[in-house]
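What follows is a set of notes on a single structure, which appears directly below.
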Amino acid sequence: MNPGKMILLGLAVVLAACAGPDPAPAKPAVLEAITLSERQVRLSWPAAAHARAYEIERSTAGGAYEPLAQGAATAYVDSTVAADQRYSYRVRALNWGGASGWAESGAVITPPKPTPRAHLEGVFGTARSWPLVATHAVLLPDGTLMSWYSQDAIGNHRDNTDPIYHTGTRVDLWNPRTLEHRPANNSTTDLLCVGHVVLSDGRLFAAGGNLGGTNGSDHTNYYDPARGAWARGPDMAAGRWYPTLTLLPNEEVLITGGSDAQGKDNPAPEVLQRDGTLRLLSNARTDTWDLNHWYPWMFVTPTGRVFHAGSSNRLRFLEPAGQGAWGEGYPRDGKNRWYGSAVMYQAGKILVIGGGGPDATTTLLDVSADGEPGVRPGPSMRFGRTHFDATLLADGRVFVNGGNDGEKFSDEATVYDSEIWDPQSNAWAPGARASVPRNYHSTALLLPDGTVWTAGGGGCGEGCGVNHPNYEIYYPPYLFEPDGSGRYARRPSLTGAPRTLGYGQRFTLQSPDAPSIASVSLVALGAATHGFNMNQRFMKLTLEGKGSATLEVRAPASPNLAPPGFYLLFILDGRGVPSVGEIARLE
């Protein structure tokens with residue numbers, strides 16, 4: 001007989017000896033599975049009515065469920081797991097009269113086994129399949145990750161100008177906690193090469209789209225996570241293919257760049273106003289200077305203006321109010337950094353990275369005040385990169401992965417080694433080595449657990465050798481013990497946080513680890529494509545006081561520093577280890 005069944009039989013005999021009959025046990029309401037390390041998964045569930053004991057079963061790599069444990073507690077740590085493996089769990093309640101139905105956890109993946117340099121470089125997990133080539137990706141306020149490519153999964157008809165191929169988009173929603181996928185398809189617009197951003201009310205807003213070649217759609221679209229539905233927004237004055245969307249301090253959205261329905265530069269920015277209508281910035285045309293209209297790098301500054309950092313060489317401030325106005329132009333570094341990237345790593349401070357043919361150099365910009373921007377050379381990376389991704393981590397460092405020599409649909413000269421830039425030391429450090437090329441049409445996002453999801457690359461149709469419908473999870477160095485012991489770090493626990501934060505507000509966080517906490521950070525939910533994350537920004541908050549189990553923290557003083565919207569909130573201990581992030585709305 002199966003040993004697990006023998007134990008269950010013995011347990012049933014004991015329960016039967018208990019005095020008095022029991023009503024049928026209720027099914028546990030929910031089962032939560034959380035990985036603690038590559039060797040442990042913690043299970044917990046609320047007590048079920050009339051339960052005298054619980055039975056737990058486990059599935060490995062999608063196989064059949066097998067008995068794991070029995071007992072009266074409502075929590076269990078599975079210490080028999082292997083590193084970098086997928087598991088699913090289920091639990092049911094027992095009493096003398098029988099068993100309830102099963103409550104299932106969904107799947108979890110244990111972290112990979114640490115390397116001796118994990119505390120310095122981090123570690124990539126195994127590459128796993130994804131439903132499509134993830135070229136566009138957004139972290140939504142409910143914690144799910146939305147991704148898409150085009151009407152199909154790999155771009156069979158991306159360049160065909162026949163309208164029949166541009167009437168919708170295959171969209172995937174993924175829950176990082178349960179690893180479950182579900183469709184959220186758009187039925188009106190080919191959303192390849194749109195700009196997108198999470199609005200301050202939690203909806204996704206996307207502008208533009210693909211009509212084949214470089215021809216851009218004039219559509220706008222909303223996705224409401226609460227309703228699980230898409231809706232068309234107002235049509236723009238002209239089409240946009242490769243536009244950038246920027247969330248403004250007054251909750252409006254600036255739409256810049258892109259090419260129109262004929263594949264020509266769209267020179268007139270527009271603003272999505274709070275009433276849902278569009279305003280043309282007719283006094284801020286971009287055809288009078290050398291702006292690269294394909295995904296320009298736009299950032300809100302501490303003075304409330306918007307700053308153009310590239311990829312072309314001309315730096316300029318934009319006043320987005322009224323009909324708009326561009327300020328005086330300034331040179332950056334003499335380089336056209338096409339398909340490079342730029343990150344605002346703290347308010348008013350921008351790191352410009354790589355790009356071009358390719359380039360390993362960086363430039364540091366200071367736009368904290370109006371007037372001529374501060375421009376100075378930054379440290380060079382070890383590798384030249386084009387078509388890469390740059391992601392802000394929970395501690396404010398910048399993680400760069402992927403890239404190649406600039407050929408769009410080629411994996412030749414792929415850079416597999418990642419790098420990490422530290423703003424405190426202004427230096428690059430080597431990161432872990434990925435197993436899959438991440439070049440043109442790749443993307444990356446910071447997840448609530450502090451890891452980085454990296455995916456995509458290719459999207460050039462059936463038979464193309466560079467299609468990568470898969471993903472890897474990167475585990476940054478801060479998830480490992482800093483002493484080099486090769487162990488995952490114990491993470492501080494954030495047990496209570498406000499759902500909304502007001503500007504300048506002093507608020508309280510609950511944590512049993514409060515005395516050890518050294519900093520608190522906000523990272524805006526990412527919205528990334530084509531090497532540029534349009535929404536990410538980092539803010540280190542002021543930690544004003546600590547109790548035995550509470551932290552007193554000050555929110556950003558102004559929407560110019562952090563526009564209204566949704567942010568990941570992390571607490572970090574004195575070793576630099578972050579908690580799992582909570583999503584909060586800044587308003």
Side-chain angles (χ1 to χ4, degrees), residues 134-148 168-176 182-209 217-236 240 243-256 258 270-279 298 300 320 443 445-448 499-502 522-529 532-537 559 562-569 581-587:
T135 299
H136 296 262
V138 184
L139 186 64
L140 298 175
D142 62 2
T144 59
L145 189 153
M146 173 181 278
S147 67
W148 66 88
T169 306
R170 180 179 174 180
V171 181
D172 179 73
L173 280 175
W174 180 64
N175 186 332
R182 58 187 175 90
N185 298 337
N186 179 290
S187 62
T188 64
T189 307
D190 181 351
L191 296 172
L192 176 63
C193 300
V194 298
H196 43 81
V197 71
V198 176
L199 301 177
S200 58
D201 65 6
R203 292 178 298 166
L204 171 72
F205 178 67
S217 169
D218 62 3
H219 290 187
T220 68
N221 283 268
Y222 296 94
Y223 178 78
D224 186 347
R227 296 176 53 243
W230 288 93
R232 278 284 302 277
D235 289 347
M236 295 178 290
R240 296 188 190 272
T244 292
L245 271 57
T246 309
L247 189 61
L248 300 177
N250 63 355
E251 300 184 349
E252 294 183 335
V253 177
L254 173 68
I255 309 169
T256 314
E270 295 179 67
V271 167
L272 176 71
Q273 302 179 111
R274 294 182 65 181
D275 64 1
T277 62
L278 292 167
R279 183 179 78 250
M298 311 295 291
V300 172
T443 191
L445 289 178
L446 179 70
L447 297 181
R499 294 290 184 91
T500 60
L501 305 175
L522 284 181
V523 186
L525 304 190
T529 189
F532 183 51
N533 192 317
M534 300 179 198
N535 197 45
Q536 68 175 347
R537 64 169 53 213
F566 290 84
Y567 292 78
L568 287 167
L569 175 67
E582 293 287 339
I583 296 177
R585 180 181 178 183
L586 186 56
E587 60 181 22

Open item on the list: Test: salt bridge (Lys or Arg N to Asp or Glu O under 4.0 Å). Region: residues 218-228. Which pairs qualify, not counting sequence neighbours?
Closed with: none

TODO: Mind jotting down which residue pairs meet the salt bridge (Lys or Arg N to Asp or Glu O under 4.0 Å) criterion with at least one end in residues 186-201? Sequence neighbours excluded, please.
DONE: Asp201-Arg203

Open item on the list: Can you list everything that forms a salt bridge (charged side-chain N to carboxylate O under 4.0 Å, His left out) with Arg274? Sequence neighbours excluded, please.
Closed with: Glu251

Open item on the list: Going by the rule side chain to side chain donor-acceptor pair (under 3.5 Å), which residues pair with Thr500 if we only count those two or more places apart in sequence or in a different chain?
Closed with: none

Task: Set of side chain to side chain contact (heavy atoms under 4.5 Å, CB included) partners for Pro320, sequence neighbours left out - done: Leu248, Val306

Open item on the list: Using the side chain to side chain donor-acceptor pair (under 3.5 Å) criterion, which residues pair with Ser217? Sequence neighbours excluded.
Closed with: none

TODO: State which residues pass salt bridge (charged side-chain N to carboxylate O under 4.0 Å, His left out) with Arg279; sequence neighbours excluded, sorted by chain then number.
DONE: Glu252

TODO: Go through the structure and list residues passing salt bridge (charged side-chain N to carboxylate O under 4.0 Å, His left out) with Asp235, not counting sequence neighbours.
DONE: Arg232

Task: Set of residues satisfying side chain to side chain contact (heavy atoms under 4.5 Å, CB included) with respect to Ala562, sequence neighbours excluded - done: Met539, Pro556, Tyr567, Leu586

Open item on the list: Tell me every residue that passes salt bridge (charged side-chain N to carboxylate O under 4.0 Å, His left out) with Glu582, counting only those two or more places apart in sequence or in another chain.
Closed with: none

Task: Pairing residues for Ser187 by the side chain to side chain donor-acceptor pair (under 3.5 Å) criterion, not counting sequence neighbours - done: none

- [ ] Under the side chain to side chain donor-acceptor pair (under 3.5 Å) rule, collect the residues that match up with Ser147, sequence neighbours excluded.
- [x] Trp130

